[in-house]
Amino acid sequence: MLSYALHMQAVTDKPRTSHSAPHSTMNRLPDQLQDHLGLVFVGTAAGQRSADLGHYYAHPGNRFWRTIHAVGLTQRRYQPHEFPALLDLGIGFTDMCKAGAGMDHEALKAGVDVQAFCEKMRRYRPATVAFTSKKAASLFYGKPTARIALGRQPPSDDFPTVFVLASPSGAASGAWSLRPWRELADHVRGERT
């Protein structure tokens with residue numbers, strides 16, 4: 001079991017690498033976070049269309065909005081521009097890379113600040129964190145994507161419950177699976193009761 005404190009120590013003891021963001025004021029898609037959310041979705045980085053429009057999961061080929069409705073996380077299908085309304089449902093948004101945009105190989109050139117992400121999660125204390133791709137989770141865990149399993153992750157003492165979801169991006173269609181999304185929805189419904 002990885003504790004949050006051990007994870008933070010491992011992250012902060014490492015020298016700065018391409019996974020540590022330079023100090024940048026550029027934020028392509030602002031966080032949608034508040035205290036004690038039930039669920040925070042965490043992407044790798046904003047896609048180019050999302051960054052251009054300022055809306056999470058904005059590309060028409062992205063399955064995110066139809067999936068969260070299909071698995072019962074929302075009672076209706078929201079549109080990307082309505083993402084702020086999900087705060088009222090206890091759902092927030094952030095990304096591992098806040099300075100880049102586009103496909104992962106492009107966006108991640110801007111760097112990733114894992115420590116800043118962990119500090120945000122400690123500050124806002126959501127009940128559940130759901131990485132919307134194995135890539136986003138691999139940045140957090142510091143492991144290759146091949147070693148990241150979909151679904152609920154082993155618990156840690158002082159960090160929210162973590163799920164890793166199949167990427168809803170149209171670019172990741174070959175690896176699509178609804179199963180971890182359903183597992184997440186079942187967990188969230190159980191937390192609400």
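We use all heavy atoms of the structure for the numbers below, so side chains are in, but hydrogens, waters and symmetry mates are not.
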Gap between atom [atom2] of [Y] and atom [atom1] of [X] - 0.5 Å precision:
X      : Y      : atom1 : atom2 : value
Asp113 : Leu139 : CG    : CG    : 11.5 Å
Leu165 : Thr67  : CG    : OG1   : 9.5 Å
Thr128 : Glu191 : OG1   : CD    : 5.5 Å
Ser177 : Arg182 : OG    : CZ    : 8.5 Å
Leu87  : Leu33  : CG    : CG    : 8.0 Å

Would you call [X] and [Y] a salt bridge, taking side-chain N to carboxylate O under 4.0 Å as the test?
X      : Y      : result
Glu119 : Arg123 : no
Asp52  : Arg49  : no
Arg76  : Glu82  : yes
Asp158 : Arg122 : no
Asp35  : Arg125 : no

Please check if the side chain of [X] supplies one atom and the backbone of [Y] the other of a donor-acceptor pair under 3.5 Å.
X      : Y      : answer
Gln32  : Pro30  : no
Lys98  : Leu29  : yes
Thr74  : Arg77  : no
Lys134 : Ile148 : yes
Ser50  : His55  : yes
Glu183 : Arg152 : yes

Which heavy-atom pair separates [X] from [Y] by the least distance, and what is that distance?
X      : Y      : value
Val164 : Ser133 : CG1-O, 4.0 Å
Ala130 : Leu184 : CB-CD2, 3.8 Å
Ala127 : Gly38  : CB-O, 3.5 Å
Ala185 : Val71  : CB-O, 3.3 Å
Met96  : Val114 : CE-CG2, 4.1 Å
Val40  : Pro126 : CG2-CB, 3.6 Å

Tell me whether Gln79 at atom CD has more than 12 heavy atoms from other residues, nucleotides or ligands lying less than 6.0 Å away.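 It does: Gln79 CD has more than 12 such atoms within range.
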Just by distance, with hydrogens left out, do His59 and Ser169 show a side-chain donor and acceptor under 3.5 Å apart?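 Result is no, nothing qualifies.
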Ignoring hydrogens and geometry beyond distance, is a side-chain donor-acceptor pair present between Lys120 and Thr94 at under 3.5 Å?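 Side-chain D/A pair, Lys120 to Thr94: present.
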Given the side-chain rings of His69 and Tyr78, with only the six-membered ring counted for Trp, is the space between their centroids under 6.0 Å?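 No - the distance between ring centres of His69 and Tyr78 does not fall below the 6.0 Å cut-off.
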Can the ring centroids of Phe131 and Phe140 be said to lie less than 6.0 angstrom from one another?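 Ring centres of Phe140 and Phe131 closer than 6.0 Å.
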Please work out which of the three classes, parallel, tilted or perpendicular, describes the rings of Trp181 and Trp176, given edges at 30° and 60°.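 Judged by the thresholds at 30° and 60°, the geometry between Trp176 and Trp181 is tilted.
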Going through the distances and angles, do Arg63 and Ser173 end up as a side-chain hydrogen bond (donor to acceptor under 3.5 Å, both in side chains)? CA-CA 10 Å; Arg63 295 177 187 87; Ser173 291; 3.0 Å; yes
Identify which one of Phe83, Phe64, Tyr57, Trp65 satisfies the ring-ring contact (aromatic ring centres under 6.0 Å, His included) criterion when paired with Phe41.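 When ring-ring contact (aromatic ring centres under 6.0 Å, His included) is applied between Phe41 and each of Phe83, Phe64, Tyr57, Trp65, only Phe64 qualifies.
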Step by step, work out the side-chain contact (heavy atoms from CB on, under 4.5 Å) result for Leu150 and Arg179. CA-CA 9 Å; Leu150 294 175; Arg179 182 195 52 78; 3.6 Å; yes
Please assess Thr132 against Phe93 for the test side-chain contact (heavy atoms from CB on, under 4.5 Å), listing each intermediate value before the final yes or no. CA-CA 10 Å; Thr132 59; Phe93 298 92; over 6 Å; no
Report the C-alpha distance between Leu86 and Ile68 in whole Å, list the side-chain angles of each, state the deciding distance to 0.1 Å, and finish with yes or no for side-chain contact (heavy atoms from CB on, under 4.5 Å). CA-CA 11 Å; Leu86 271 70; Ile68 64 171; 3.8 Å; yes
Given side-chain contact (heavy atoms from CB on, under 4.5 Å), test Met121 with Phe159 step by step and report yes or no. CA-CA 8 Å; Met121 295 304 99; Phe159 199 77; 3.8 Å; yes
Just do the ring pair (Phe, Tyr, Trp, His ring centres under 6.0 Å) check on His36 and Tyr124 with the steps written out, would you? CA-CA 6 Å; His36 308 294; Tyr124 291 105; 9.3 Å; no
